[in-house]
Amino acid sequence: MSPPCARPNDALAAPVRPGTFRRIAELLAARLAGAFRPRRAVQPPRAPAALLAAALLLGSCLLLLSSPLTAGPEATLYVYAVTPLRARALEQKIEDAMPGVDVTVFGKLSDFKTALEVSPPNAALSPRPVLTSLNRGVDLQGLRAGSDAEQYLLVSTKLLARDMLSSFRYGIVDLVERKSLPRFVAGLLGVNDAPEVQRVTKIEDLLQLLQFQTADAVLLPERFRADFESKSKMSFTILSLSTAKVGLVAVTFLSERQSIEGAIRRLPKHVLADLGVDEWR
């Protein structure tokens, strides 16, 4: 037979609201005070001892029930990645593959940067240019087919000529801070003059830039080409430049790495594919 305060299944344990222990203590104190009032009975009252035993038993049970609610995660991981998946969908996939790790996926680079500064995690995962722009070192580098960088394509509804590249307006998923982005894009294009650049947060937003002619061309990771073209009836001109190589996702550790490195290295293939890599170095 289980003890009277045996801890139930965690899934069935009711949450203990803030202030519960204080209210219980006040109630018990009032009962105890009442028990010590003079009585007409000749025999000494037994209520205080019984109430004290009940209080101790109840307090022990409540502490057992509340412990899962106060236990924190073993480690924390922040993620910012270029992917067609919504942030919440990617977050759920990674969390399911990393039991005991609290994962947060950010949809905006600015939010990712702020979180790293205000509440640093154990580790952060993002494309290498993001970490570089935030002055973070690379501790684990993602690889795909043995390479640590991926090809970006120049996609437009206009004729693309190399001598016109500096005059175009471009769209790209955010990879560096705002002030550094035009110069970053110039490096991908292999031109000297920094062009006008429109930042977006999702791959699908690049298509809208072309549809509404907000940009003359967009820079798209080659792995998304087929999906990108299938979502539009527009005719695209696509140019692959030797200079348009972008570092794949990498990991930086902001605290003791042993608590999370193993979980990152064990991420399954389908999750790594969503991140654009197939192994770590």
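Note that the numbering runs from 1 along the sequence shown for the chain. This is a predicted model, so every value here is computed, not measured.
A distance of 10.0 Å separates CG in Leu239 from CG in Leu159, rounded to the nearest 0.5 Å. Between Leu209 atom CG and Thr157 atom OG1 the span is 11.5 Å, to the nearest 0.5 Å. Taking CD of Glu91 as the reference point, atom CD1 of Ile94 lies at 8.0 Å (rounded to 0.5 Å). With rounding to the nearest 0.5 Å, the separation of OG in Ser240 from CD in Glu222 is 6.0 Å. Rounding to the nearest 0.5 angstrom, the gap separating the OG atom in Ser232 from the CG atom in Leu210 is 8.0 Å. Going from atom CG of Leu134 over to atom CZ of Phe112 covers 6.5 Å, rounded to the nearest 0.5 Å.
Side chains of Val105 and Val103 form a contact here, defined as non-hydrogen atoms less than 4.5 Å apart. Using a 4.5 Å heavy-atom threshold, the side chains of Val79 and Val249 count as separate. The side-chain heavy atoms of Val185 and Pro195, taken from C-beta on, include a pair separated by under 4.5 Å. Leu241 places a side-chain heavy atom less than 4.5 Å from the side chain of Arg162. Here the side chains of Glu229 and Val155 are not in contact, with every heavy-atom distance at 4.5 Å or above. Residues Lys245 and Gln151 meet the side-chain proximity criterion, which asks for heavy atoms closer than 4.5 Å. Taking the side chain as every heavy atom from C-beta outward, Asp139 and Val251 never approach each other to under 4.5 Å. Contact annotation: the side chain of Leu206 never approaches that of Phe224 to less than 4.5 Å [non-hydrogen atoms, C-beta and beyond].
Clustering ILVMFWY residues whenever any of their side-chain heavy atoms sit less than 4.5 angstrom apart, transitively, puts Val82 in the very cluster that holds Val197. In the hydrophobic clustering of this structure, Phe253 does not group with Val130; members are Ile, Leu, Val, Met, Phe, Trp, Tyr whose side-chain heavy atoms approach within less than 4.5 Å, directly or through other members. Cluster membership for Leu131 and Phe184, using ILVMFWY side-chain heavy atoms within less than 4.5 angstrom, is not shared. Residues Phe236 and Val200 are members of one and the same hydrophobic cluster, defined by side-chain heavy-atom contacts under 4.5 angstrom among Ile, Leu, Val, Met, Phe, Trp and Tyr. Note on Val138: it does not cluster hydrophobically with Leu267, by side-chain heavy-atom contacts below 4.5 Å among ILVMFWY residues.
Using cut-offs of 30° and 60° on the angle between ring planes, the pair Phe106 and Tyr78 is perpendicular.
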Distance-only donor-acceptor hits, side chain of residues 273-281, under 3.5 Å, sequence neighbours excluded:
| from | atom 1 | to | atom 2 | distance (Å) |
| --- | --- | --- | --- | --- |
| Asp274 | OD2 | Lys93 | NZ | 2.9 |
| Asp278 | OD2 | Ala145 | N | 3.0 |
| Trp280 | NE1 | Ile264 | O | 3.2 |

Going by atom type alone, with no hydrogens or angles, which donor-acceptor pairs under 3.5 Å involve a side-chain atom of residues 165-176 and a protein atom two or more places apart or on another chain?
| from | atom 1 | to | atom 2 | distance (Å) |
| --- | --- | --- | --- | --- |
| Ser167 | OG | Met164 | O | 2.8 |
| Arg169 | NE | Asp216 | OD2 | 3.3 |
| Arg169 | NH1 | Thr214 | O | 3.4 |
| Arg169 | NH2 | Gln213 | O | 3.1 |
| Arg169 | NH2 | Asp216 | OD1 | 3.4 |
| Tyr170 | OH | Leu165 | O | 2.5 |
| Asp174 | OD2 | Arg199 | NH1 | 2.8 |

Sequence neighbours excluded and cut-off under 3.5 Å, please list the side-chain donor-acceptor pairs for residues 120-128, or say none.
| from | atom 1 | to | atom 2 | distance (Å) |
| --- | --- | --- | --- | --- |
| Asn122 | OD1 | Thr76 | N | 2.8 |
| Asn122 | OD1 | Thr76 | OG1 | 3.1 |
| Asn122 | ND2 | Ser255 | OG | 2.8 |
| Arg128 | NH1 | Gln141 | OE1 | 3.1 |
| Arg128 | NH1 | Asp148 | O | 3.2 |

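Across all non-hydrogen atoms, the minimal contact from Ala217 to Leu154 is CB-CD1, 4.0 Å. Scanning all heavy atoms of the two residues, the minimum distance from Ile203 to Pro221 falls at CD1-CD, 4.1 Å. Heavy atoms only, all atoms of each residue included: Leu90 and Ala81 are closest at CD2-CB, 4.3 Å. Scanning all heavy atoms of the two residues, the minimum distance from Ala263 to Val101 falls at CB-CG2, 4.3 Å.
Judged by distance alone, with hydrogens and angles left aside, the side-chain atoms of Thr114 form a donor-acceptor pair with the main-chain N or O of Ser110 at under 3.5 Å. The closest donor-acceptor contact from the side chain of Glu256 to the backbone of Gln258 lies under 3.5 Å.
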### Message
Using side-chain contact (heavy atoms from CB on, under 4.5 Å), reason through Lys202 and Thr83 one step at a time and then give a plain yes or no.
### Response
CA-CA 7 Å; Lys202 301 184 294 294; Thr83 171; over 6 Å; no

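For Arg86, the CZ atom is loosely surrounded, since the number of other residues' heavy atoms within 6.0 Å does not exceed 12.
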